[in-house]
Amino acid sequence: MSENIERIKCVIIGSGPAGYTAAIYAARADLKPVIYTGMEMGGQLTTTTEVDNFPGYPEGVEGPKLMEDLKAQAERFETQVRFGSVTKIDFSDVPGGIHTLEIDGSKKIEAETVIIATGASAKYLGLPSEQRLRGGGVSACATCDGFFYRNQDVIVVGGGDTAAEEATYLAKLCKKVTLLLRRDELRASKAMQNRVFNTPNLEVLFNTEIDEVLGEKTVEGVRVINNKTKEKKDIPVTGVFIAIGHKPNTELFVGQLDMDDNKYLITKGKSSKTNKPGVFACGDVQDHEYRQAISAAGSGCMAALDAERYLGSIE
Ligand code: NDP
């Protein structure tokens with residue numbers, strides 16, 4: 001070890017439910033974990049309002065409060081939570097090897113194990129009106145927020161499997177769902193397309209994009225534009241669900257860790273192990289399918305157990 005470089009047993013990158021749960025388990029196993037939170041401390045849930053589906057909160061909980069609770073629980077077992085971002089990383093290829101990390105472009109640290117919990121970010125359209133109304137009726141997660149729009153009219157944007165799934169899910173709760181496609185066909189699988197077209201309260205508008213989300217503090221409607229005819233019209237709705245895909249936060253690991261075609265990290269079998277010894281991944285960064293706080297938390301537990309076993313095996 002170089003003299004001035006801090007050596008840490010377990011570095012956790014990311015502070016969503018996966019990262020904090022990994023920390024709780026790693027700390028209790030005496031791995032003295034250090035979390036680097038990233039710029040969005042608490043992760044995606046800090047942009048959600050109420051979370052009703054995280055077990056243990058019978059009355060529901062605000063997303064930011066849930067993340068504060070998870071942080072407090074991790075700190076209770078002496079996890080060090082450090083606000084900062086890993087800006088560079090160099091993974092060792094050999095079992096027992098030391099990984100080197102650079103924090104915020106300057107500080108260097110060494111880690112015996114690294115748990116990656118950097119999550120994924122929902123893609124948004126990028127309209128100023130959409131950004132202004134995030135949390136005020138614009139959401140990127142029907143499973144998280146759909147419940148609040150029961151018996152109301154909502155819009156879903158996107159034509160992939162996520163949009164098809166979210167639209168059919170919302171159709172069970174809402175009065176009417178309008179699905180906006182920018183092209184004249186869905187990209188979703190045939191089975192999902194059939195579900196979309198066979199749902200009576202789900203209308204599909206082809207070649208249609210959002211021009212503006214209407215409303216000051218909360219969504220009151222959307223102004224849509226037909227990209228063929230350029231005709232505009234207003235549709236009154238209270239919720240707008242953007243489902244145009246997610247982007248896993250994996251730029252840092254390109255060229256070092258195995259990723260699938262969509263740049264999600266690949267883990268081995270049912271474990272959290274990546275292709276580098278002592279490097280584990282949990283949460284949305286390795287899961288494009290379930291993407292729930294509770295499944296992320298579960299995989300964080302797995303990563304900490306895998307890290308503990310790995311360290312035990314090389315000692
Ligand atoms: P996709 O990339 O498959 O689809 C994104 C959709 O959003 C496309 O229809 C695309 O339109 C549309 N889109 C992108 N940008 C814009 C924009 N600016 N304005 C309007 N529309 C836009 O993402 P998904 O999240 O749907 O799926 C990701 C992966 O996960 C896929 O492989 C999918 O199959 C998989 N998945 C599987 C599920 C399952 O099997 N149950 C469930 C959910 C996802 P266009 O088609 O014109 O490009």
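If you're wondering where the values come from, they're calculated on a predicted model, not measured in any experiment.
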Ring-ring centroid check Y36 F83, cutoff 6.0 Å: no

Hphob cluster co-occupancy, I116 + I8, side-chain heavy atoms under 4.5 angstrom: yes

Test item: L214 and R223 side chains (from C-beta on) under 4.5 Å apart, heavy atoms: yes

E165/R195 salt bridge by N-O under 4.0 Å criterion: no

Side-chain touch V156/T178, heavy atoms, less than 4.5 angstrom: no

Over 12 foreign heavy atoms within 6.0 Å of OH, Y25: no

Polar side-chain atom of S15 near backbone of G42 as donor-acceptor pair, under 3.5 Å: yes

Taking every non-hydrogen atom, the tightest pair across Q193 and L186: NE2-O, 3.3 Å

Side chain E130, main chain L125, donor-acceptor under 3.5 Å: yes

R132 side chain vs K217 backbone, donor-acceptor pair below 3.5 Å: no

Side chain proximity check, I12 to V34, heavy atoms < 4.5 angstrom: no

NZ/NE/NH1/NH2 to OD/OE distance under 4.0 Å, E102 and K108: yes

Expected output: side-chain Y290 to main-chain D284 donor-acceptor under 3.5 Å: no

Backbone of V285 reached by a side-chain donor or acceptor of N249 within 3.5 Å: no

Validation row: L179, V196 side chains within 4.5 angstrom (heavy atoms): yes

Heavy-atom side-chain contact between N226 and E209 under 4.5 Å: no

Heavy-atom closest pair, residues L101 and I13: CD2-CD1, 4.2 Å

Test item: V240 and L133 side chains (from C-beta on) under 4.5 Å apart, heavy atoms: no

Min side-chain heavy-atom separation L311-L31 under 4.5 Å: yes

Check: T267 main-chain N/O paired with Q286 side-chain donor or acceptor under 3.5 Å: no

Over 12 foreign heavy atoms within 6.0 Å of CZ, F147: no

Approximate separation, where rounding is to 0.5 Å, of N4 CG and E6 CD: 11.5 Å

Closest approach of L252 to I89 (non-hydrogen atoms, all atoms of both residues): O-CG2, 3.9 Å

F77 with M302, same ILVMFWY side-chain cluster at under 4.5 Å: no

Separation between NZ of K230 and CG of D211, rounded to the nearest 0.5 Å: 10.5 Å

Criterion side chain to side chain contact (heavy atoms under 4.5 Å, CB included) on L127 and Q131, from CA distance to verdict: CA-CA 6 Å; L127 299 168; Q131 294 306 309; over 6 Å; no

Within 6.0 angstrom of R28 CZ, more than 12 heavy atoms from elsewhere: no

Main-chain N/O of S272 paired with D306 side-chain donor or acceptor, under 3.5 Å: yes

D153 with K176: basic N within carboxylate O range, under 4.0 Å: no

Main-chain N/O of N201 paired with T199 side-chain donor or acceptor, under 3.5 Å: no

Cationic tip of R150 above F148 ring, under 6.0 Å, 45° of axis: no

I103 side, atom CD1; T87 side, atom OG1 - distance, nearest 0.5 Å: 6.5 Å

Where E110 and I98 come nearest, the two heavy atoms and their spacing: CB-CG2, 3.5 Å

L66 with M41, same ILVMFWY side-chain cluster at under 4.5 Å: yes

Hphob cluster co-occupancy, Y57 + M67, side-chain heavy atoms under 4.5 angstrom: yes

All side chain to side chain donor-acceptor pair (under 3.5 Å) counterparts of E216, not counting sequence neighbours: none

Worked check of side chain to side chain contact (heavy atoms under 4.5 Å, CB included) between Y124 and V138: CA-CA 10 Å; Y124 284 87; V138 173; 4.3 Å; yes

K107, NZ atom: more than 12 neighbouring heavy atoms under 6.0 Å: yes

Between R76 and Q73: side-chain donor-acceptor atoms closer than 3.5 Å: no

Within 6.0 angstrom of E231 CD, more than 12 heavy atoms from elsewhere: no

Side chains of N275 and L257 in contact at under 4.5 Å (non-hydrogen atoms): yes

Short side-chain to backbone donor-acceptor contact, T274 and K276, under 3.5 Å: yes

Minimum heavy-atom distance P277-P95, with the two atoms named: CG-N, 3.6 Å

Exceeds 12 heavy-atom contacts within 6.0 angstrom, atom CD of E78: no

Within 45° cone and under 6.0 Å: R183 NZ/CZ vs F206 ring: no

Pair L205-I235, side chain to side chain contact (heavy atoms under 4.5 Å, CB included): steps then yes or no: CA-CA 12 Å; L205 297 182; I235 306 176; 3.9 Å; yes

Salt bridge (Lys or Arg N to Asp or Glu O under 4.0 Å) between E308 and K32, worked out: CA-CA 11 Å; E308 183 189 0; K32 303 191 170 30; over 6 Å; no

Pair N227-R182, side chain to side chain contact (heavy atoms under 4.5 Å, CB included): steps then yes or no: CA-CA 7 Å; N227 57 26; R182 65 179 174 182; 4.3 Å; yes

T168 side-chain N/O to A164 backbone N/O, donor-acceptor pair under 3.5 Å: yes

Residue pair Q152 / T238, side-chain donor-acceptor N/O under 3.5 Å: yes

L181 reachable from M192 in the ILVMFWY side-chain graph, under 4.5 Å edges: no

Smallest separation among heavy atoms of S295 and D287, with atom names: OG-OD2, 4.2 Å

